[in-house]
Colleague: 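Sharing a structure with you now.
Labels below follow one simple rule: chain letters A, B, ... track the order of the sequence lines, proteins then strands, and each chain is numbered from 1.
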Number of protein chains: 2
Amino acid sequence: MIGEKKRTYDPLALRARILDVAAAAFQARGYHSTSTHDIMREAGVTGGALHHHFPTKKSLGLAVIKERVGPAVQESWIDTVRHARTALDGILRAFDDIAESIDNRGTVLGCPLNNLAIELSLADPEFQEAMRHIFAVWRDAVADKLRSERSDAQQARQAEELATFVVASYSGAIAIAKAQQNAEPLRTCARQLAAMLGQRPPARRRLAREQPAS
Amino acid sequence: MIGEKKRTYDPLALRARILDVAAAAFQARGYHSTSTHDIMREAGVTGGALHHHFPTKKSLGLAVIKERVGPAVQESWIDTVRHARTALDGILRAFDDIAESIDNRGTVLGCPLNNLAIELSLADPEFQEAMRHIFAVWRDAVADKLRSERSDAQQARQAEELATFVVASYSGAIAIAKAQQNAEPLRTCARQLAAMLGQRPPARRRLAREQPAS
DNA sequence: TTTGAAACAGGACGACCGGTCTTTTCTGGA
DNA sequence: TCCAGAAAAGACCGGTCGTCCTGTTTCAAA
């Protein structure tokens with residue numbers, strides 16, 4: 001069953017298959033630990049085909065970030081938050097969905113954006129810019145949702161900072177989850193965020209001294 | 001000044017120099033992107049010397065984690081929190097010190113523990129266990145401090161979860177900071193943690209530069 | 001049917017990887 | 001003083017890396 005294949009001649013499908021395989025491999029093993037030969041083998045393509053669509057490994061990595069990692073964040077976070085009833089609902093939903101998928105899978109691969117951001121931000125300015133942009137879009141989407149439900153001008157201005165905090169909490173939680181290979185840190189951080197965001201203070205600058213038990 | 005050197009014959013110093021160079025390289029470029037030849041060149045040692053102290057690259061990586069990354073977390077976080085007046089003071093101090101060092105350096109290398117945890121947790125069980133342990137010690141130290149200042153039994157029980165949240169916030173903040181190459185996410189998250197944990201208003205950093213010894 | 005460009009095959013390439021080897025140099029205890 | 005063994009040197013190995021090159025196949029327009 002080797003060598004019996006004919007050429008499909010479907011460039012877009014082949015390109016998509018390479019991207020899918022590369023995205024999965026980069027998430028699971030990292031960029032530098034994945035060789036182009038690995039990708040060729042797993043995707044069932046030859047070196048010529050790979051080189052035709054992606055002349056260098058870097059171009060493949062960049063395409064994975066823009067065409068796979070970005071949309072993944074869009075789906076798992078941005079769309080979830082945007083379509084939720086409240087910002088907190090959306091945030092908790094995103095945490096919970098990912099925690100559940102981790103339980104189902106059994107292993108924690110980590111956030112594809114976070115993984116690549118840490119591995120490649122300093123390696124190459126183009127990588128850094130691509131990932132910085134995704135982080136910014138992500139944070140802005142959360143900030144918009146938070147802002148939309150806060151009439152108070154003071155708190156609306158805080159939305160941006162709060163959104164950064166939410167994104168950071170998630171990124172760190174999944175990093176710890178990866179280190180201990182279970183979803184518990186995600187659920188813990190989700191609970192803390194709920195406690196923090198749940199209290200709806202309409203007051204002006206009345207920051208809670210201590211959380212009232214409710 | 002090349003080739004003029006005689007043998008120092010100071011095994012411990014040579015071993016320490018290799019570890020220092022490797023730790024710096026792993027933090028800046030990552031484990032897989034750093035070759036043993038890089039380390040040999042930068043540390044000014046030959047292959048024989050490197051192999052004598054660290055037979056494999058993995059053994060070097062493990063030693064870096066246990067003898068450099070662990071103590072770095074101990075110094076920058078655990079000691080800082082433990083010796084601070086309150087848990088919040090210690091946490092803010094840790095954030096602020098690291099943000100300041102980032103400003104001084106100009107580039108964000110990222111948290112050495114976080115960097116390696118994300119790159120190596122899935123690669124090897126021994127790496128994973130070593131880093132999981134450091135995360136646990138770190139979190140427990142923060143939890144102990146939080147617990148010590150809460151007489152309420154309900155809140156004391158929350159200390160562990162809160163500590164996980166603090167560590168996650170920091171890890172995520174520095175990941176985003178690395179992606180955008182500035183310390184702003186660290187300061188933002190520190191302000192949000194301050195608002196969440198305590199009384200401190202989001203003022204400019206008013207933290208005493210030097211803590212009184214007693 | 002012809003033809004030119006795109007899509008793909010398959011392997012060659014030089015560089016470099018991590019690791020091993022043998023040899024030489026140094027040292028502390030007997 | 002001697003010497004067993006640790007410490008360090010430096011060449012060396014098989015394997016693999018990312019890239020590139022030369023053909024071959026396929027499609028669509030002429």
Colleague: Applying a 4.0 Å non-hydrogen cut-off, can you work out what Asp38(A) is touching in the nucleic acid: base, sugar-phosphate, or nothing?
Modeller: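 Since no nucleic acid heavy atom lies under 4.0 Å of Asp38(A), the category is nothing.
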Colleague: Checking Tyr31(A) now: which residues fulfil ring pair (Phe, Tyr, Trp, His ring centres under 6.0 Å) with it, not counting sequence neighbours?
Modeller: Phe26(A), Phe127(A)
Colleague: Quick test of your reading: applying side-chain hydrogen bond (donor to acceptor under 3.5 Å, both in side chains), list the pairs with at least one residue in residues 101-111 of chain B, sequence neighbours left out, ordered by first then second residue.
Modeller: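 Residue pairs with at least one partner in residues 101-111 of chain B: Asp103(B)-Arg187(B).
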Colleague: Looking at DNA chain C, which of residues 13-35 of chain B put a heavy atom within less than 4.0 Å of it?
Modeller: Thr34(B), Ser35(B)
Colleague: Within residues 39-68 of chain A, find the residues that approach DNA chain D with a heavy atom at under 4.0 Å, and present them sorted by residue number.
Modeller: His51(A), Thr56(A), Lys57(A)
Colleague: Taking only residues two or more places apart in sequence, or in another chain, which ones meet Thr80(B) in a side-chain contact (heavy atoms from CB on, under 4.5 Å)?
Modeller: Arg93(B), Ala94(B)
Colleague: With sequence neighbours excluded, what pairs up with Arg41(A) under the side-chain contact (heavy atoms from CB on, under 4.5 Å) test?
Modeller: Asp38(A)
Colleague: Once ring pair (Phe, Tyr, Trp, His ring centres under 6.0 Å) is applied, what residue pairs with a partner in residues 59-117 of chain A remain, sequence neighbours excluded?
Modeller: Trp77(A)-Phe95(A), Trp77(A)-Trp138(A), Trp77(A)-Tyr170(A), Phe95(A)-Tyr170(A)
Colleague: Taking only residues two or more places apart in sequence, or in another chain, which ones meet Ala87(A) in a side-chain contact (heavy atoms from CB on, under 4.5 Å)?
Modeller: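 Lys145(A), Leu146(A), Glu149(A).
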Colleague: Would a 4.5 Å heavy-atom cut-off, applied to side chains only, mark Phe165(A) and Thr188(B) as touching?
Modeller: no
Colleague: Quick one: side-chain hydrogen bond (donor to acceptor under 3.5 Å, both in side chains) pairs with a partner in residues 118-135 of chain A, sequence neighbours left out?
Modeller: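 Checked against side-chain hydrogen bond (donor to acceptor under 3.5 Å, both in side chains) - neighbours excluded - the pairs reaching residues 118-135 of chain A are His32(A)-Glu119(A), Lys58(A)-Asp124(A), Lys58(A)-Glu126(A), Glu129(A)-Arg132(A).
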Colleague: End-to-end bend of the helix from dT1(C)-dA30(D) to dA30(C)-dT1(D) (five-pair axes, 10° rounding)?
Modeller: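 About 0° separates the two local helix axes.
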Colleague: Which pairs, with at least one residue in residues 43-53 of chain A and sequence neighbours excluded, count as a side-chain hydrogen bond (donor to acceptor under 3.5 Å, both in side chains)?
Modeller: none
Colleague: Test of understanding: with side-chain contact (heavy atoms from CB on, under 4.5 Å), list the residues that count as partners of Arg68(A), not counting sequence neighbours.
Modeller: Ala16(A), Leu19(A), Asp20(A), Ala23(A), Val64(A)
Colleague: Whole-Å distance between dC17(D) C1' and His37(B) NE2?
Modeller: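 Computing the His37(B):NE2 to dC17(D):C1' distance gives 13 Å.
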